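Treat the numbers as computed from the prediction; the structure is a model and nothing was measured. For the numbers below, each heavy atom of this structure counts, side chains included, while hydrogens, waters and symmetry mates do not.
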Amino acid sequence: MPPRRRPQFTQESIDQQLQQIHLLDQSSSSENLEQLGPVIKQIHQNRQQDAYLRTVNALIESKDAEIETICGDNYQEFTNSVSTLFSIKSYTTNLRDNITALDSGVEQVGRGLVEKKRALLQSKKTAANLDEAIDTLQACLRVLDVVNRVGEMIKDGKYWSALRSLEDIESMPPTSLSQTPLFQHLLSSLPSLRGQIKDAVTASMKQWLLDIRNVSAQVGQLALDAMEHRIRKWRSRREKDPLLKLSRVGSAVEIVTNEKIEYNVLDNEQLHVDFKPLYECIHIYTALDSLDEIRKSYQADRKAQAGLILPEILPLSLLPQVTEEIVGFFIIETHVLNTTGSFRSRREVEDLWDALVKRVDMAVDHALKNETDADAYLAVKECLLSFVMTLESYSYSTESLHTFILHLFERYVAILEKKFGRRFEMIVSQDDYLPMYVETAAERDGVLETVWLVKNERDELAKSDLPLNLPWSQSFYLCCQDIRNYVQNFYQFLEGVSQHHRNIDDLLSKSLDVILSKYISENIAKRTQNTSNLSQIAQIIINLEHLEVACAELERSLTLIRSSQRGGIIRLTASASFATVTTYALSRVTASISSKLDDFFDLSEYDWTPPKREKAPSMYLYELINWLTTVVDSLTVKDAYKDEAYRGAANYIAECFMDFLTGGDVRMMNENALANVIMDIDFLEDEFKRGGHAHLNASFLELRLMASVVMEDKVQQYLIPAKRRANYSVVRPSRLQALLEKLARFSAECRDAPSRETGEKRRKEAEAVGRLFDGEKC
């Protein structure tokens, strides 16, 4: 295989290539040196060819002889070859010169290009440095602009954006700027900027706290107004639906109904409370890992604000305003609690609530300390109840407030008792104790609807003809009317109050017993004591009877009312007080009759030592019986009480006769006087029997038996215990002794012997009976 021929480059091809090279292109910013490489490579190859040619020439010279020989043999061919070689040599020489010239030119051009390249590289380095400096300055300017805008954001209230900007600066990726003193200074100033953001957001929240303190009263007012509207609406619905009668505002049924109506007291047409400053402050402090700090600060501020709601001395006129502020305060706290996660502790809010409730209780209690107007207590209760029901809807514990309201209720009841007590005292003292008179059916029905009666009496009176005298007097009607007003006022305080029914029932029972017993019954007793008019006393007795009945009817009606409210049973004990006063009034009737009977009994009417016995009773007894029957029968009381009056009169008459026979006013008497007294007693017994009161004759039994012992000379039988117990048990020895002594004294003063003997006998009998009396005392 023939050797690979080396490529040949002619001078013409090299010149052509050099002409095609453009080292500097005016349209290009870079040098066109890449095209110079192939040319230089060709020149190098040509230099190798030159050396090769020189070697060839030397070989040729050394081989001339041989060549000549060969040429001789091959002259023509040799001649042609020599000619060719000379041509080649000439060409080679020219080529060497051209290459030398070209090498010098290329070297000169290359040196210039190197200088240009060096200058160009230096320029590029300078430009790169300038670009880097510009970039660094621009980065610094951007950072400085961010820092400047942080200040503007703080002024504009864009705290979170400002904080994010600082975080962006701090989290910048490492650059040449990161190592500059300026950037390090900026980094060292970031805590100060964060402090400015913290201070600014704190100031914003402090201002917000001041704003919500000023707006709390309006929030509370809107909430209380909404609750009042809710109460009125539910009350109206409850009146229409009996099934809802036992359900109060706050019950499950009412809550379900109320949930259909949404009303936000913090965001409505009248008011909008913006919580953004608080949320922003919490957000910023959370990002700064300082949430505990702002939480403690907020708690301290709200505690201080809560302490400023109540003044040291609370006038009752300011109570509505104070309750509005408290309601607004805790509605805002509830919203903060529900919207800020763990920022606000429920326990902290409950502690604030408990402390403020205690202060409210103490302040109201002190304000009512010297208050004697029951309406003031009622107004306070209404204010507190609306306050309680409003905050109950926000899940605050109101048990202590309910307890306090019940405490106020007890004081209210005490004041109410005194207030109505004065009215009852005036009613009883000013009554004329005449039957109440009604002319029209409306008047009658109004009275019958007010008083408490048994059904039979009510029905009978309702059917009676008009005009009509009712059995009772004006005071009974007015007492019933005021008792109803009292009960109404009693329950008016309790309306809407969540109370323990049994305690309320007991309190109502005790209170009514106090009113009925102390203020009505006792005043009636005083009026009875100061009254001697029998008709008025009789009317008082009728009133007392109806009041006694009214107690039972009132107890029954109140129990029905309480049963409809899931209460207990009302127990009244005042009826016993009226029964006691009735008994006293009856005794006053007896005492009044007895006082009048005193006018009939006069010692001068009798001759206690008459010479003979009378054939007819004493004349004054006719007048006495006529007066007694007229007075007693005219009393408008039931027959049992009339009979009691007759019994009292009979007992009093018997005592009067007994006093004549055994008392100290009559020193002595004879048996004729005793017989006359027995005749008078016979007359009285006959009159009582004719009047249908034969049982009253038992009042004269002792008188009759004692007289029979003397008149029938049975003293000795009386001295025998068995016979005394069997026949004369009602005869008291002391009285029999006194009678015997009076008879003995008269006989002793007589001058005839039989009489003196009789007197001695009576004296001895008196002594014997006296010994019996002394033995019984022992």
Side-chain angles (χ1 to χ4, degrees), residues 216-232 234-235 248-251 254 265 306-334 349-350 352-416 488-501 503-504 507-508 565:
S216 292
Q218 187 177 359
V219 173
Q221 181 184 3
L222 291 174
L224 291 170
D225 290 344
M227 180 55 67
E228 287 295 330
H229 175 73
R230 180 176 168 184
I231 292 172
R232 289 193 299 269
W234 183 249
R235 186 179 297 158
R248 58 185 290 271
V249 173
S251 62
E254 192 276 336
V265 296
L308 294 174
I309 294 177
L310 276 172
E312 292 184 2
I313 299 177
L314 175 64
L316 291 179
S317 59
L318 292 181
L319 182 59
Q321 179 181 342
V322 168
T323 55
E324 287 175 0
E325 290 191 28
I326 294 175
V327 169
F329 182 94
F330 284 101
I331 288 177
I332 291 173
E333 282 301 295
T334 298
V349 178
E350 290 176 352
L352 276 179
W353 166 250
D354 292 339
L356 202 55
V357 165
K358 289 180 181 178
R359 291 186 59 202
V360 169
D361 291 351
M362 294 175 61
V364 173
D365 190 62
H366 184 270
L368 291 172
K369 184 177 181 180
N370 298 319
E371 184 61 56
T372 58
D373 185 7
D375 291 337
Y377 279 83
L378 197 60
V380 169
K381 167 259 172 181
E382 292 293 338
C383 183
L384 290 180
L385 186 61
S386 180
F387 166 69
V388 167
M389 297 176 71
T390 301
L391 287 175
E392 274 183 346
S393 63
Y394 288 89
S395 302
Y396 284 95
S397 174
T398 58
E399 183 177 354
S400 60
L401 281 171
H402 280 294
T403 302
F404 178 68
I405 290 175
L406 289 177
H407 167 68
L408 293 183
F409 173 63
E410 292 177 359
R411 292 169 59 178
Y412 167 81
V413 170
I415 292 174
L416 209 61
Q488 181 180 0
N489 288 337
F490 183 95
Y491 283 123
Q492 184 179 3
F493 192 101
L494 293 173
E495 185 176 357
V497 177
S498 176
Q499 75 275 2
H500 300 289
H501 294 288
N503 294 341
I504 297 303
L507 184 59
L508 178 59
Q565 299 180 10

Review point. So how far is it from F329 CZ to L352 CG, rounded to the nearest 0.5 Å?
Key: 5.5 Å
Point to revise | For L408, the option from T403, D361, L368 that meets side chain to side chain contact (heavy atoms under 4.5 Å, CB included) | key: L368
Point to revise | Beyond-backbone contact of L385 with L401, side-chain heavy atoms, under 4.5 angstrom | key: no
Review point. Who are the side chain to side chain contact (heavy atoms under 4.5 Å, CB included) partners of T323, not counting sequence neighbours?
Key: L224, L319, C383, F387
Review point. Quick one: side chain to side chain contact (heavy atoms under 4.5 Å, CB included) partners of A367, sequence neighbours excluded?
Key: L316
Review point. Can you name the nearest heavy-atom pair linking S400 to V357, along with the distance?
Key: OG-CG1, 3.3 Å
Practice item. Side-chain contact test, heavy atoms from C-beta onward, threshold under 4.5 Å: evaluate it for F409 versus K381 and give yes or no. Key: no
Check your understanding: Taking side chain as C-beta onward, heavy atoms only, is E392 less than 4.5 Å from V388?
Key -> yes
Check your understanding: Quick one: are L378 and N489 in side-chain contact, heavy atoms under 4.5 Å?
Key -> no
Review point. With a 4.5 Å limit on heavy-atom distance, are the side chains of E410 and V413 in contact?
Key: no
Check your understanding: With a 4.5 Å heavy-atom cut-off, do L356 and F330 have their side chains touching?
Key -> yes
Point to revise | side chain to side chain contact (heavy atoms under 4.5 Å, CB included) partners of D365, counting only residues at least two apart | key: F404, H407, R411
**Study point:** All pairs passing side chain to side chain donor-acceptor pair (under 3.5 Å) where residues 310-322 contributes a residue, at least two apart
**Key:** none
Exercise for review: Would you please test I405 and V380 for side-chain contact (heavy atoms from CB on, under 4.5 Å) and show each step?
Suggested key: CA-CA 9 Å; I405 290 175; V380 169; over 6 Å; no
Exercise for review: Measure across A306 and R359 and return the closest heavy-atom pair with its distance rounded to 0.1 Å.
Suggested key: O-NH1, 3.9 Å
Check your understanding: How about E350 and E333: do any of their side-chain heavy atoms sit closer than 4.5 Å?
Key -> no
Practice item. Output the distance between atom CD (E324) and atom CD1 (I309), rounded to the nearest 0.5 Å. Key: 12.0 Å
Exercise for review: Taking all heavy atoms of V327 and all of G220, pick out the closest pair and write down the distance.
Suggested key: CG1-CA, 3.8 Å
Exercise for review: List in chain and number order the residues that pass salt bridge (charged side-chain N to carboxylate O under 4.0 Å, His left out) with E325, two or more places apart in sequence or in another chain; answer none if no residue qualifies.
Suggested key: none
Check your understanding: Would a distance-only check, ignoring hydrogens and angles, find a side-chain to backbone donor-acceptor pair under 3.5 Å from W353 to Y396?
Key -> no
Practice item. Nearest 0.5 Å please: distance from the CG atom of L310 over to the CG atom of L318. Key: 10.5 Å
Point to revise | Residues that Y412 engages under ring pair (Phe, Tyr, Trp, His ring centres under 6.0 Å), provided they are two or more places apart | key: F493
Revision key, fill the gap. By side chain to side chain contact (heavy atoms under 4.5 Å, CB included), H366 pairs with (sequence neighbours left out) none
**Study point:** Results of side chain to side chain donor-acceptor pair (under 3.5 Å) for S386 - residues two or more places apart only
**Key:** E228
Check your understanding: More than 12 foreign heavy atoms under 6.0 Å from CG of L308: is that the case here?
Key -> yes
Check your understanding: What distance do M389 atom CE and L384 atom CG have between them, rounded to the nearest 0.5 Å?
Key -> 13.0 Å
